[in-house]
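Here's the structure, in structure tokens; my notes come after.
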Number of protein chains: 2
Amino acid sequence: MPDYVQERGAAAFGTRLRRLSERLDRDVQAIYRERAAAFEPRWFPIVTSLDAHGAQTVGDLADRIGVSHAAVSQLRAELVAEGLVQTRPDAADQRRFWIELTPSGKRTAARLKPLWDAIAQATSLLCSEAAPRFLAELERLERALDERPLKDRVDATFGARAKLRPAKGATHERT
Amino acid sequence: MPDYVQERGAAAFGTRLRRLSERLDRDVQAIYRERAAAFEPRWFPIVTSLDAHGAQTVGDLADRIGVSHAAVSQLRAELVAEGLVQTRPDAADQRRFWIELTPSGKRTAARLKPLWDAIAQATSLLCSEAAPRFLAELERLERALDERPLKDRVDATFGARAKLRPAKGATHERT
DNA sequence: TCCTTTTATGTAAGCTCTTACGCATTTCCG
DNA sequence: CGGAAATGCGTAAGAGCTTACATAAAAGGA
């Protein structure tokens, strides 16, 4: 483990992970744009999930793709406006409704599938070449944090709840 | 490389990377809050950089911590309001000014250094246990993408600029 | 020397999610 | 059975960055 983590702590990860994520999104967006695909990267998880698994509720989708229900709700509104998805009420529960692809949404998924496959392949190849263990290590990191969050780890070595208050008035000194 | 990438493509990374990043940030924020530290995770890169390397310009900081100058500008305003940093003009270039820690900023850094070290140690240990190659692989991924962006990789296999237009009118069908 | 191009940084607007709040429905349990 | 707690999802506001736009100063080159 390089000195980089010792120097930057958790911040060693934060910015870089965010930037890698954003960079990949930007590239995918550029690919869509260049090919006049009329599609947005952020629609991908929902559209492919509906395509693969059929109708789902807001909560199902939120769990499956790992975002808040509010984010799914907002995306749903957008996808309905685009004509890619529609909703229908649940027969047994009036709070709930089902989100599914429209015929147009299904056609869009079929149209873009070859491109998605190409992106998946390119990504897979990239990983094989440059970072064959990356996803495995990512998964192990996630699991380790599930079992014991960073905060608990710090509390154990630093002394839970030891205070680090600023001296009175010291933080609000003006230049 | 698991089937996860083949199934999700670039999206395999995006959400998970973002979530790991956010999760670490949230933990660090909870640590600060619990210890009445009066500090924000997003201040860390700037404050530690100034503490370690002395006065720097907006552009220097943007380069060093890897964000846009506008983000540094906004953070600087916030840190000035908190009394942690101050600015002074550059003698040779009127467009430029130097950002440095105030005495209070220096005291804050000294106060929090033990906590930062504990966080760094916990993070380092976490990586050693769960994902010893994670950062090395992250770095290699970044470098591979620097050399050849994902878009170029997809273009090479899929055929640059092959169009994937929706059929006329098909995407705007309303439910 | 003088004009064009580049550079430094501020501000505004946008993005894509989050949390907070709210309402209605359903489930649970005394 | 009935009230309290939990659940499902919409909307509003906020977060923390980005890109876009703008202005002024500096650098470069004819």
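We use all heavy atoms of the structure for the numbers below, so side chains are in, but hydrogens, waters and symmetry mates are not. Note that the coordinates shown come from a computational prediction; the quantities given were computed from them, not determined experimentally.
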Q | Considering all heavy atoms, the nearest B:R76-B:V85 contact | A | O-CG2, 4.2 Å
Q. Roughly how many Å is it from CG in A:D90 to P in C:dT27, rounded to a whole number?
A. 10 Å
Q. Rounded to the nearest Å, what distance is computed from the CD atom of residue B:Q29 to the P atom of nucleotide C:dT18?
A. 16 Å
Q) What is the distance, rounded to the nearest whole Å, between atom CH2 of A:W43 and atom P of C:dT16? A) 11 Å
Q: Quickly work out the B:R42 CZ to D:dG14 P distance and round it to whole Å.
A: 15 Å
Q: Looking at every strand, decide which applies to B:A62 at a 4.0 Å heavy-atom threshold: base, sugar-phosphate, or nothing.
A: nothing
Q. Taking only side-chain nitrogens and oxygens of B:S73, does any of them come within less than 4.0 Å of OP1 or OP2 of C:dG10?
A. yes
Q.
Taking 4.0 Å as the cut-off, does a side-chain nitrogen or oxygen of B:R18 come that near to OP1 or OP2 on C:dT18?
A. no
(Q) Tell me the interatomic distance from B:R96, atom CZ, to D:dA24, atom C1', rounded to whole angstroms. (A) 14 Å
Q | Exercise: identify the closest heavy-atom pair between B:Q86 and B:L101 | A | NE2-O, 4.1 Å
Q: Classify the ring geometry between B:W116 and B:F44 as parallel (under 30°), tilted (30 to 60°) or perpendicular (over 60°).
A: perpendicular
Q: Would you kindly give the CD1-to-P distance between B:I46 and C:dT9, to the nearest whole Å?
A: 12 Å
(Q) By nearest atom, which of the nucleotides C:dT25, D:dA26, D:dT11 is closest to the A:A70 side chain? (A) D:dT11
(Q) Under 4.0 Å, counting only non-hydrogen atoms across every strand here, what does A:R19 touch: a base, just sugar-phosphate, or nothing? (A) nothing
Q: Could you give me the CA-CA distance, side-chain angles and deciding distance for B:E22 and B:R18, then say whether salt bridge (Lys or Arg N to Asp or Glu O under 4.0 Å) is met?
A: CA-CA 6 Å; B:E22 285 168 358; B:R18 209 176 307 125; 5.5 Å; no
Q: Check whether any side-chain N or O of B:S68 sits under 4.0 Å from OP1 or OP2 of D:dC17, and answer yes or no.
A: no
Q) What integer distance in Å separates B:D25:CG from C:dT18:P? A) 14 Å
Q.
For B:W98, run the side chain to side chain donor-acceptor pair (under 3.5 Å) check against B:T87, B:D90, B:T57 and tell me which one passes.
A. B:D90
(Q) Measuring from the side chain of A:V67 (C-beta onward, heavy atoms only), which nucleotide among D:dC17, D:dC9, C:dC17 has the closest atom? (A) C:dC17
Q) More than 12 heavy atoms of other residues, nucleotides or ligands under 6.0 Å from CZ of A:R88: is that the case? A) yes
Q.
Which nucleotide wins on minimum distance to the side chain of A:R95, given the candidates D:dG8, D:dT11, D:dG16?
A. D:dG8
Q) Of the nucleotides C:dG10, D:dC17, D:dA26, which has the atom closest to the B:D93 side chain? A) D:dA26
Q: Between A:E40 and B:V72, name the one whose nearest nucleotide on DNA chain C is closer to the 5' end.
A: B:V72
Q: Classify the side chain of A:Q74 and the base of C:dT18 as holding, or not holding, a donor-acceptor pair under 3.5 Å.
A: yes
Q | End-to-end axis angle, where each axis spans five pairs of the helix from C:dT1-D:dA30 to C:dG30-D:dC1, to 10° | A | 20°
Q) Where do B:A130 and A:A144 come nearest, in terms of heavy atoms and distance? A) CB-CB, 3.7 Å
**Q.** Between C1' of C:dA8 and CG of B:D63, the distance in whole Å
**A.** 12 Å
Q.
Quiz question: by atom type and distance under 3.5 Å, do the side chains of B:E78 and B:W43 form a donor-acceptor pair?
A. yes
Q: Using the closest heavy atom to pick a nucleotide of DNA chain D for each, name whichever of B:H69 or B:E78 lands nearer the 5' end.
A: B:E78
Q) From the list D:dC17, D:dA25, D:dG10, which nucleotide is the closest neighbour of the side chain of B:Q94? A) D:dA25
